[in-house]
Q: 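Okay, handing you the structure first.
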Amino acid sequence: MTALQPRDEHNRQLEANVHPPTWKNPTAGSPYHLVVIGAGTAGLVTAAGAAGLGARVALIERDLMGGDCLNVGCVPSKGVISSARIAATVRRAAEFSVDVPDGVEVDFAGVMQRMRRLRAGISRNDSAGRFRELGVDVYFGQASFVDAETIDVAGEKLKYKRAVIATGARAAAPPITGLDGIDYLTNETVFSLTELPKRLGIIGAGPIGCELAQSFAQLGSEVFLVESEHGILAKEDRDAAEIVQQALLRDGVRLLCCGRELQVRRDNPIRLTVQSHDKHYDEPIDQLLLAVGRAPNVEDLNLETVGVDFDRKGVRVNDYLQTTNPRIFAAGDVCSKYQFTHAADFMARIVIQNALFAVGPLGRKKASDLTIPWATYTTPEVAHVGVHEHDAEQAGIEIDTYVQPFGDVDRAILEGEDEGFVKVHTKRGTDKIVGATIVAKNAGDMISEITLAMVHRVGLGKIAGTIHPYPTQAEAIRKLGDQYNRTRLTSTSKAVLGWLRRLNVGP
């Protein structure tokens, strides 16, 4: 089971909620309509939703309810990030003519204690007691398929009509020379720290690596971030990634390019060596954090017995989230390339629909119909939905691209947050939005307006006609609508407007 360290009152409260030490599993009776394996986001949403519809539901968890998101992912990371942003803001105070006394220090132990306290409070939503009150039978232990209608958990045999695999994924170590000889951190252990590492090495410049590199630098660590051949945030818009990279450098993160001949060795302290295009790095570090690589949790489930196919990427599912056994479904990180809490949430809703009502009048839902945004919570944040320019090119989709820099948005200028942009792609010659990227302090919130427009087929021209409060950063999205509308002016319209201006009767 995930070690909850330190054993303070907050972690004891967390454990009491999400894996109570004195919990007694129910006694299985008649067959369950749905047995859900895994109590992360996908499993919790599936279980609660199905029980709310009157189904008889069992929920099995071998570790901590709430999964990665609550315990070692979204929740603790954003708690640490919020403190780090405050520390960074204090250092920038002079830019706003606010004098802060010299000697202001970060209490790292206090930062982590605050995170643990808030996480424990949030954990009530994912607690075993709450789900029991919702009518779900909660079992703790390793689940294993016995046959086509039976699952074993801690010696109890549960009969099922449908089952859902929602076991998630975990951090996985890539093959790095010397790694097996040192103790290293992952997202599953980094939030147990109580002392700030003086020198922190991070391998992996994706979302997790960049978020934590910037945060630990803002909190006072000397951070060395090993980036890939493709730079940081390799899956993001390159203009967006460049802005984030400059922000990381300003916050003191040192980038080690580009992951070639990467080695680590124990030499009191640890030595991190990287060969770049034209430079050799050999840096001493006190702690190493691995932020690259994920492995699906498929072990010990006995999936072969029930004909469920899987590989190193996870459980194989069709568009209806059925596995190769049509009575068994999967949702969340164990089967999806979109490893986000909100993606797992909406995949779970599809599973409820398809597992309980596939033959009924409501019909079946498809995972491919989901429009999934995502955000990386660096400062500034990067948020994206739909296609990138390179995606459109590869798919043969012709697009028009509109860009609104925040340097021309009054609220961003006044906030001192004017480096980012909103970029929207539309289907060529139309206002149909097919993708967007936002770089801004609150990009994760702003992307929802564009996602809503895409889901409900609201074009960029309609956004132009929607009044946005002034001054706000979201006004940048409305300005993009104005850009589109200006392209719709015909040559005749332009000629008429020119004639009116010459007569001094036009706008």
Q: Kindly write out the residues that satisfy salt bridge (charged side-chain N to carboxylate O under 4.0 Å, His left out) with Asp345, not counting sequence neighbours, or none if the list is empty.
A: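 Asp345: salt bridge (charged side-chain N to carboxylate O under 4.0 Å, His left out) contacts with Arg349.
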Q: Test: ring-ring contact (aromatic ring centres under 6.0 Å, His included). Region: residues 178-207. Which pairs qualify, not counting sequence neighbours?
A: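 Every candidate ring-ring contact (aromatic ring centres under 6.0 Å, His included) pair involving residues 178-207 fails, so no pair, neighbours aside, qualifies.
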Q: With sequence neighbours left out, which residue pairs that include part of residues 54-108 fulfil the ring-ring contact (aromatic ring centres under 6.0 Å, His included) condition?
A: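 Residue pairs with at least one partner in residues 54-108: Phe108-Phe216.
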Q: Taking the basic N atoms (NZ, or NE/NH1/NH2) and the acidic carboxylate oxygens, is any pair closer than 4.0 Å for Arg85 and Glu417?
A: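 The answer is no: the pair does not qualify as a salt bridge.
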Q: Listed by chain and number, what are the salt bridge (charged side-chain N to carboxylate O under 4.0 Å, His left out) partners of Arg199, not counting sequence neighbours?
A: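 Once residues adjacent in sequence are excluded, the partners of Arg199 under the salt bridge (charged side-chain N to carboxylate O under 4.0 Å, His left out) criterion are Asp286.
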Q: Please list all pairs meeting salt bridge (charged side-chain N to carboxylate O under 4.0 Å, His left out) that have one or both residues in residues 440-451, counting only residues at least two apart or in different chains.
A: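 Qualifying pairs, neighbours excluded: none.
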Q: Main chain of Asn297, side chain of Thr167: is a donor-acceptor contact present, judged purely on distance under 3.5 Å?
A: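 Yes: the side chain of Thr167 pairs with the backbone of Asn297.
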Q: Could you name each residue pair satisfying salt bridge (charged side-chain N to carboxylate O under 4.0 Å, His left out) that touches residues 238-249, not counting sequence neighbours?
A: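 Sorted result for residues 238-249: Asp239-Lys423.
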Q: Please list, chain by chain and in numerical order, all residues satisfying side-chain contact (heavy atoms from CB on, under 4.5 Å) with Ala217, sequence neighbours excluded.
A: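 Partners of Ala217 by the side-chain contact (heavy atoms from CB on, under 4.5 Å) criterion, ordered by chain and then number, come out as Val223, Val253.
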Q: Got a sec, which residues hit side-chain contact (heavy atoms from CB on, under 4.5 Å) with Ala84, two or more places apart in sequence or on another chain?
A: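 Result, side-chain contact (heavy atoms from CB on, under 4.5 Å) vs Ala84: Ser215, Gln218, Leu219.
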Q: Name each donor-acceptor pair under 3.5 Å that joins a side chain in residues 200-213 to protein atoms two or more places apart or in another chain, with its distance.
A:
| residue | atom | partner | partner atom | Å |
| --- | --- | --- | --- | --- |
| Glu211 | OE1 | Lys78 | NZ | 3.4 |
| Glu211 | OE2 | Tyr377 | N | 2.7 |

Q: Only pairs at least two apart or in different chains count here, so list each ring-ring contact (aromatic ring centres under 6.0 Å, His included) that has a residue in residues 33-76.
A: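 The answer is none; no pair qualifies.
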Q: With a 3.5 Å cut-off and sequence neighbours excluded, list the donor-acceptor pairs that the side chains of residues 57-72 form with protein atoms.
A:
| residue | atom | partner | partner atom | Å |
| --- | --- | --- | --- | --- |
| Glu61 | OE1 | Ala39 | N | 2.8 |
| Glu61 | OE2 | Asp63 | N | 2.7 |
| Arg62 | NH1 | Gln142 | OE1 | 3.0 |
| Asp63 | OD1 | Thr2 | N | 2.8 |
| Asp63 | OD2 | Thr2 | N | 3.2 |
| Asp63 | OD2 | Thr2 | OG1 | 2.5 |
| Asp68 | OD2 | Arg294 | NH1 | 3.2 |
| Asp68 | OD2 | Arg294 | NH2 | 3.0 |
| Asn71 | ND2 | Met65 | O | 3.2 |
| Asn71 | ND2 | Gly67 | O | 2.8 |

Q: Return the set of residues passing side-chain contact (heavy atoms from CB on, under 4.5 Å) with Asp107 (not counting sequence neighbours), or none when no residue passes.
A: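 Ala109.
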